[in-house]
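What follows is one structure encoded as structure tokens, with my remarks underneath.
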Number of protein chains: 2
Amino acid sequence: MVQDGTFHLIERLGSLLRSEQRRLGAPHDLEPVHLQALAYLSRANRYSDTPIAVAEFLGLTKGNVSQRLMALERAGLLTRRPDGTDGRVVHLAPTARARTLLRALTPPPGWRAALQTAGIDEAAMVSALTALLAGLQRANAQRTFGQCQTCRFLRREKGGFVCGLTLEPLTPADTQLLCREHESAA
Amino acid sequence: MVQDGTFHLIERLGSLLRSEQRRLGAPHDLEPVHLQALAYLSRANRYSDTPIAVAEFLGLTKGNVSQRLMALERAGLLTRRPDGTDGRVVHLAPTARARTLLRALTPPPGWRAALQTAGIDEAAMVSALTALLAGLQRANAQRTFGQCQTCRFLRREKGGFVCGLTLEPLTPADTQLLCREHESAA
DNA sequence: CCCAAGTGGTATTGCAGCGATACCATCTGT
DNA sequence: ACAGATGGTATCGCTGCAATACCACTTGGG
């Protein structure tokens, strides 16, 4: 097909980013999936920093993800902490070393410069791609993993924010993290 | 980082498309890389339908790609034809069955609808992403793989188009295919 | 015309991601 | 209280992937 230009471009950018991740991660014995899992965890809120959430976010099976996470823990890039109330759940957090690595490799060198010289309106691009992503996820009945600040459960009360599902208070920083229970405000 | 929204969105779309490809290809014993290789070959011109071009396009090693292509040939999805003048080169072409498969799976079901309901200006999106992709490829000294119609070597002569490198005539359809020797007209 | 360097392609090896399946522990709801 | 659902791990087999080595052919100076 001669159309579908957007599709081919996004797929191509995906391939390119993936091979970049392979190249950049190799010196640290990291495969693309490791960098992606760590990047997600560094942006996930306290309801979404679990193995099952990583698996759903990346579209991989929980069994597979469980093995990757063990490798990351052995490499000293991840810490595990059992949940306080639910005995099945564990919470994951990238270590300081992992966060340093992420800052160096994400986005890959040259990305921000390319975005600049391409003259891209970042706000418009983010809103367009967000809508596209939401549409695809709705078509597949998948989770949205949006930020709390765009979630229909978020309540703004005097003195701060509250999650309408857990009824727990959220800091302003919390509302910028990704949540597994996110549902669009529209 | 709380910015880099475009980066995270494109990476996420890439993950999503990849897992879609895995799901859609599984019934036909096709992995994501197979679909990507076939999709590329269906869009490549006669100078770019070779194993080395596939490897460069996908950012994989030629050895690996060589093995994948043999699998595709065994599966009856690809035909090989030796080059007429250069004894080292082979040309690849997806079979009719492969093209039928591609039409069914590329882009994945729901993509066009999502693009619609997101209200995306396709022309603007294509031009923005093209510029971004070109910038990234320039930063890594990679090939562009653009269409002839945007290539600085393309000559418009009376009666049709001519490639300034090979001095061979190009049909209008040819100028919409991807070329390994492509260099931006800018 | 020749030969060294470069290019396109294949063969082989080892490793690691990935799904499938099975299994266990814990939670939830009626 | 118990059946079903959910989060997580263990094990198996397959396959993508890079690395290395190797071969055939082409190219470009002398």
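No hydrogens, no waters, no symmetry mates; every other heavy atom, side chains included, goes into these values. If you're wondering where the values come from, they're calculated on a predicted model, not measured in any experiment. Letters A, B, ... mirror the listed sequences (proteins, then strands); counts begin at 1.
- Crowding of A:Gln116 atom CD: a count of heavy atoms from other residues, nucleotides or ligands under 6.0 Å not exceeding 12.
- Using a 4.0 Å heavy-atom criterion, one finds that B:Arg22 contacts the sugar-phosphate atoms exclusively.
- Tracing side-chain contacts under 4.5 Å through hydrophobic residues (I, L, V, M, F, W, Y), one never reaches A:Val33 starting from A:Ile52; they form parts of separate clusters.
- For the 3.5 Å distance criterion, the side chains of A:Asn45 and A:Ser48 qualify, holding a donor opposite an acceptor.
- An OP1 or OP2 oxygen of D:dT15 is reached within less than 4.0 angstrom by no side-chain nitrogen or oxygen of B:His34.
- Rounded to a whole Å, the CZ atom of A:Arg23 is 17 Å from the P atom of D:dC17.
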(request) Start with the C-alpha distance between B:Arg112 and A:Asp4, add both sets of side-chain angles, then the distance that settles salt bridge (Lys or Arg N to Asp or Glu O under 4.0 Å), and finish with yes or no. (result) CA-CA 8 Å; B:Arg112 295 199 179 102; A:Asp4 294 323; 2.8 Å; yes
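- With C:dC18, C:dG17, D:dT9 as the choices, the nucleotide that has an atom nearest any side-chain atom of A:Leu60 turns out to be C:dC18.
- Distance, B:Asp29 CG to D:dG13 C1': 14 Å, rounded to whole Å.
- The distance between atom CD of A:Glu56 and atom P of D:dT6, rounded to the nearest whole Å, is 10 Å.
- Note on B:Leu178 and B:Phe153: separate hydrophobic clusters, where clusters join Ile, Leu, Val, Met, Phe, Trp and Tyr whose side-chain heavy atoms are under 4.5 Å apart, directly or indirectly.
- The main-chain N or O of A:Ala96 is found under 3.5 Å from a side-chain atom of A:Thr100 such that the two form a donor-acceptor pair.
- In the set C:dG17, C:dG9, C:dT10, C:dG9 carries the atom at the smallest distance from any side-chain atom of B:Thr50.
- The stretch residues 73-91 of chain B comes close to DNA chain C through B:Arg80, B:Arg88, B:Val89, B:Val90, each having a heavy atom under 4.0 Å from the strand.
- C:dT7 atom P lies 10 Å from atom CD1 of B:Ile52, rounded to whole Å.
- Geometrically, B:Arg12 engages A:Phe57 in a cation-pi contact defined by less than 6.0 Å to the ring centre and at most 45° from the axis.
- Using a 4.0 Å cut-off, no side-chain N or O of B:Asn64 falls inside it from OP1 or OP2 of D:dG16.
- Rounded to a whole Å, the CZ atom of A:Arg18 is 13 Å from the P atom of D:dG16.
- Separating the NE2 atom of B:His28 from the C1' atom of D:dT15 is a distance of 19 Å, rounded to the nearest angstrom.
- Residue A:Glu31 contributes atom CD, which lies 8 Å from atom P of C:dC18 at whole-angstrom precision.
- Annotation: A:Glu73, atom CD; neighbour count of heavy atoms from other residues, nucleotides and ligands within 6.0 Å is above 12.
- Set against C:dT12, C:dG9, C:dG19, the side chain of B:Gln67 has C:dT12 as its closest nucleotide.
- With rounding to whole Å, B:Arg68 atom CZ is found 13 Å from C:dA11 atom P.
- Axis angle between the ends of the helix from C:dC1-D:dG30 to C:dT30-D:dA1, five pairs each and rounded to 10 degrees, works out to 30°.
- Counting only distance, with no hydrogens or angles, the side chain of B:Thr106 and the backbone of B:Arg103 share no donor-acceptor pair below 3.5 Å.
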